[in-house]
Amino acid sequence: MNIKRCFTLTRAGIIESLQFRLSTLVVVAGNLLYLVVIYHLWQAIFASVDTDVVNGMTFSDTLIYLVLATALFNFMEMYVVWEIGRRVQSGEIALDLLKPMKYRSFLFWSYSGTAVTQFFFTFLPTFIVVTIVTNGAIPLGWNLLYFVISVVFAVSINYSIDFITGTICLYTESIWGINMMKPVIVLLLSGATIPIAFFPEPFKTIVQYLPFQSIYNAPLSVLLDGNPEPAKLLTTLGIQLFWCVLMNIVSRVFWKISLRQITVNGG
Amino acid sequence: MKRKSLGFYFRIYRKILAQDLKSKMSYRADFIISTIGMIFTNVAGFISFWILFQNFPSINGWGYYEMLFLYGFSLIALTPVQCFFDNNWNLRMRVYSGDFIKYCFRPINLFFYFQSEVFDIKGIGQFLFGLGTLIYSWNMLGLGFSALMLLKMIVFLISASLVMIALQNAAASACFWMQNSFFVLDFINKMKDYAKYPVTIFSSIFRFIFTFVIPIAFIAYYPSLVILRPDEVPLLSWLSPIVALVFFFLSYKLWMFGAMKYNGTGA
């Protein structure tokens with residue numbers, strides 16, 4: 001595949017998303033308010049116990065974890081499910097399938113521009129603010145590099161899961177319900193709602209075997225660990241790579257099988 | 001124009017509702033999946049509370065069952081906005097495409113006619129889940145039961161719903177003044193998720209904001225205190241029906257003001 005083609009789509013996406021500055025502002029305002037809410041909530045929660053450390057997490061650990069999970073969510077969420085669902089309902093999907101590019105990559109690259117702007121306008125500022133506010137709770141060293149690698153895997157896994165969910169829309173022709181379920185399940189099982197460290201036992205183990213924890217829990221635990229043991233780091237990244245490849249294959253195969261399902265009205 | 005009586009509006013609503021339900025029935029799979037999605041979301045909220053209270057005894061003096069009570073209360077209070085006012089989500093598209101003009105030519109109340117067009121049946125799943133949670137926590141707390149309590153409950157549930165309806169109306173009416181107002185509605189929609197926390201966990205500035213500016217504290221916290229902690233009911237709780245009516249009236253006026261300003265897309 002021609003790489004230039006892909007970056008043209010990215011560029012178009014960046015330009016498009018820069019058109020809606022006011023909406024970015026509203027999103028940032030919403031995020032700030034969310035930060036305030038979880039800050040107070042977890043402060044109240046931690047105030048109810050005598051110890052500072054619960055399940056190996058302090059208040060500031062929890063806060064960093066949740067805040068950055070939200071920031072990651074904002075930049076990774078591409079609303080792919082909506083897009084596929086809408087296109088299926090309106091029939092425009094037929095045009096997309098005619099494009100000289102695989103639909104899966106076309107969709108990814110056309111949304112990548114938004115992800116890039118989101119990264120610079122929401123994730124990076126949040127990250128910097130959190131680093132300053134928590135005053136050194138985030139170790140700054142090689143872990144940043146590992147974090148970036150981990151995030152790349154996470155983006156890929158997240159996109160594959162999105163694409164699989166979107167493919168389900170071909171069968172159900174219902175978007176709303178599936179769209180409602182997807183983020184809730186992903187956020188809960190990936191530890192973005194409540195850090196996985198707090199999960200009671202059988203659930204903790206089960207969740208470790210699911211792909212979702214590779215999306216938020218893995219990058220964040222890599223980031224928060226200043227001196228990782230090489231074995232532990234490699235396991236985390238290895239598991240991510242495994243899910244990355246597996247979900248990629250599953251989403252491609254599932255899409256291919258499901259294409260036969262598409263019914264477009266008229267024409 | 002002669003004012004139509006309430007009975008007239010009631011009759012007309014029944015007729016529109018019947019038509020809407022008939023058209024919905026042709027998408028049975030969509031209804032089932034959406035209901036499952038709704039219940040999933042609520043169950044996820046339930047699970048997050050459960051996980052939290054596996055690790056912590058209370059949140060700012062609020063125990064597990066009291067938090068569940070707030071959660072159940074907020075779910076029920078949020079049902080009417082989901083069932084009866086869901087068309088607000090389409091307002092932006094109607095205004096943008098120019099279809100909105102059709103509502104202006106009917107000899108009935110514009111706001112009523114617009115909202116009556118969609119009845120969202122999905123809200124019923126949420127209502128049942130909320131009711132179950134409420135009854136369960138009510139039982140576990142041993143609050144007792146009397147006819148007066150039931151009456152109070154109904155009055156305060158209605159006023160809580162009115163607050164959320166008011167918020168959504170106001171947010172939806174933003175589309176009369178700005179393009180791409182989806183984010184305003186989405187912002188308010190996210191805010192409603194914070195209604196299930198007691199407002200006392202916030203610092204005084206945010207307590208003020210959540211009480212008077214974005215009054216989400218009136219969706220669950222203030223009204224449920226009347227039942228939950230009858231010995232220490234603050235004045236704001238008793239005032240919540242009046243506050244709700246005022247907010248609703250203001251939002252209605254704002255919505256209508258925007259609608260009157262609307263002059264089509266031309267052609």
Side-chain angles (χ1 to χ4, degrees), chain A residues 19-31 33-34 36-51 54-55 57 62 89 168-169 171-189 191 193-201 203-204 207, chain B residues 27-45 47-63 89 120 122 174 178-191 193-194 197-203 205-207 209-210 214 216:
Chain A
Q19 278 299 315
F20 299 108
R21 268 155 296 196
L22 190 64
S23 68
T24 312
L25 212 68
V26 176
V27 172
V28 170
N31 280 348
L33 215 54
Y34 175 74
V36 169
V37 170
I38 57 171
Y39 175 83
H40 284 113
L41 179 65
W42 284 89
Q43 202 178 37
I45 292 171
F46 268 89
S48 70
V49 286
D50 300 326
T51 49
V54 180
N55 283 318
M57 307 235 345
T62 315
Q89 279 189 337
I168 296 175
C169 290
Y171 294 92
T172 61
E173 292 179 22
S174 145
I175 323 175
W176 195 88
I178 288 173
N179 253 307
M180 184 97 175
M181 251 186 290
K182 197 221 81 185
V184 172
I185 294 175
V186 172
L187 287 178
L188 182 66
L189 296 182
T193 318
I194 296 176
I196 288 184
F198 289 117
F199 282 35
E201 216 3 282
F203 290 96
K204 206 190 226 164
V207 165
Chain B
Y27 297 101
R28 223 161 292 196
D30 184 64
F31 163 66
I32 294 167
I33 294 169
S34 302
T35 309
I36 296 173
M38 202 85 177
I39 291 176
F40 245 97
T41 317
N42 300 332
V43 171
I47 292 176
S48 0
F49 273 133
W50 183 74
I51 294 176
L52 262 185
F53 281 95
Q54 293 291 312
N55 295 284
F56 302 93
S58 67
I59 299 176
N60 200 13
W62 289 70
W89 287 92
D120 193 20
K122 295 187 284 280
M178 61 198 269
Q179 297 248 323
N180 199 16
S181 66
F182 172 76
F183 293 94
V184 182
L185 206 49
D186 197 44
F187 174 75
I188 290 296
N189 193 45
K190 285 205 183 96
M191 283 293 119
D193 293 340
Y194 310 143
Y197 303 121
V199 76
T200 43
I201 62 172
F202 299 109
S203 62
I205 303 167
F206 285 96
R207 215 178 296 175
I209 290 180
F210 289 142
I214 312 170
I216 54 168

Between [options], which has the largest tally of heavy atom pairs under 4.5 Å with chain A?
{"options": "B/Phe40, B/Tyr197, B/Tyr194", "value": "B/Tyr194"}
{"options": "B/Trp50, B/Phe202, B/Trp62, B/Phe187", "value": "B/Phe202"}
{"options": "B/Asp186, B/Ile201, B/Asn55, B/Asp193", "value": "B/Asn55"}
{"options": "B/Ser58, B/Pro198, B/Gly45, B/Gly61", "value": "B/Ser58"}
{"options": "B/Ile32, B/Asn60, B/Ile36, B/Ile51", "value": "B/Ile51"}

Least distance between heavy atoms, [X] atom then [Y] atom:
{"X": "B/Pro57", "Y": "A/Ser48", "answer": "CG-O, 3.6 Å"}
{"X": "B/Gly37", "Y": "A/Met181", "answer": "CA-CG, 3.5 Å"}
{"X": "A/Met180", "Y": "B/Thr41", "answer": "CG-OG1, 3.5 Å"}

Go through the atoms of [X] and report whether side chain, backbone, both or neither lie under 4.5 Å from a heavy atom of chain B.
{"X": "A/Ile45", "value": "both"}
{"X": "A/Tyr34", "value": "both"}
{"X": "A/Ile178", "value": "both"}
{"X": "A/Leu189", "value": "neither"}

Toward chain A, the part of [X] with a non-hydrogen atom under 4.5 Å:
{"X": "B/Thr35", "answer": "neither"}
{"X": "B/Ile39", "answer": "neither"}
{"X": "B/Ile209", "answer": "neither"}

- Item | A/Glu201 side, atom CD; B/Gln54 side, atom CD - distance, nearest 0.5 Å |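 Between atom CD of A/Glu201 and atom CD of B/Gln54 there are 12.0 Å.
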- Task: Could you tell me how the ring of A/Trp42 sits relative to the ring of B/Phe56: parallel (under 30°), tilted (30 to 60°) or perpendicular (over 60°)?
- Result: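 Perpendicular, since the angle between the ring planes exceeds 60°.
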- Item | Within 6.0 angstrom of B/Phe53 CZ, more than 12 heavy atoms from elsewhere |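 Yes, enclosed.
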- Task: Report, as yes or no, whether the 6.0 Å neighbourhood of atom CZ on A/Phe198 holds more than 12 heavy atoms from other residues, nucleotides or ligands.
- Result: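 More than 12 within 6.0 Å, yes.
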- Query: So which of A/Ile194, A/Val184, A/Val37 has the biggest tally of heavy-atom pairs under 4.5 Å with chain B?
  - Reply: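 Heavy-atom pairs under 4.5 Å are most numerous for A/Val37.
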- Query: Of all of A/Leu41, A/Leu188, A/Asn179, which one pairs up most often with chain B through heavy atoms under 4.5 Å apart?
  - Reply: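 Among A/Leu41, A/Leu188, A/Asn179, the one with the most close pairs to chain B is A/Leu41.
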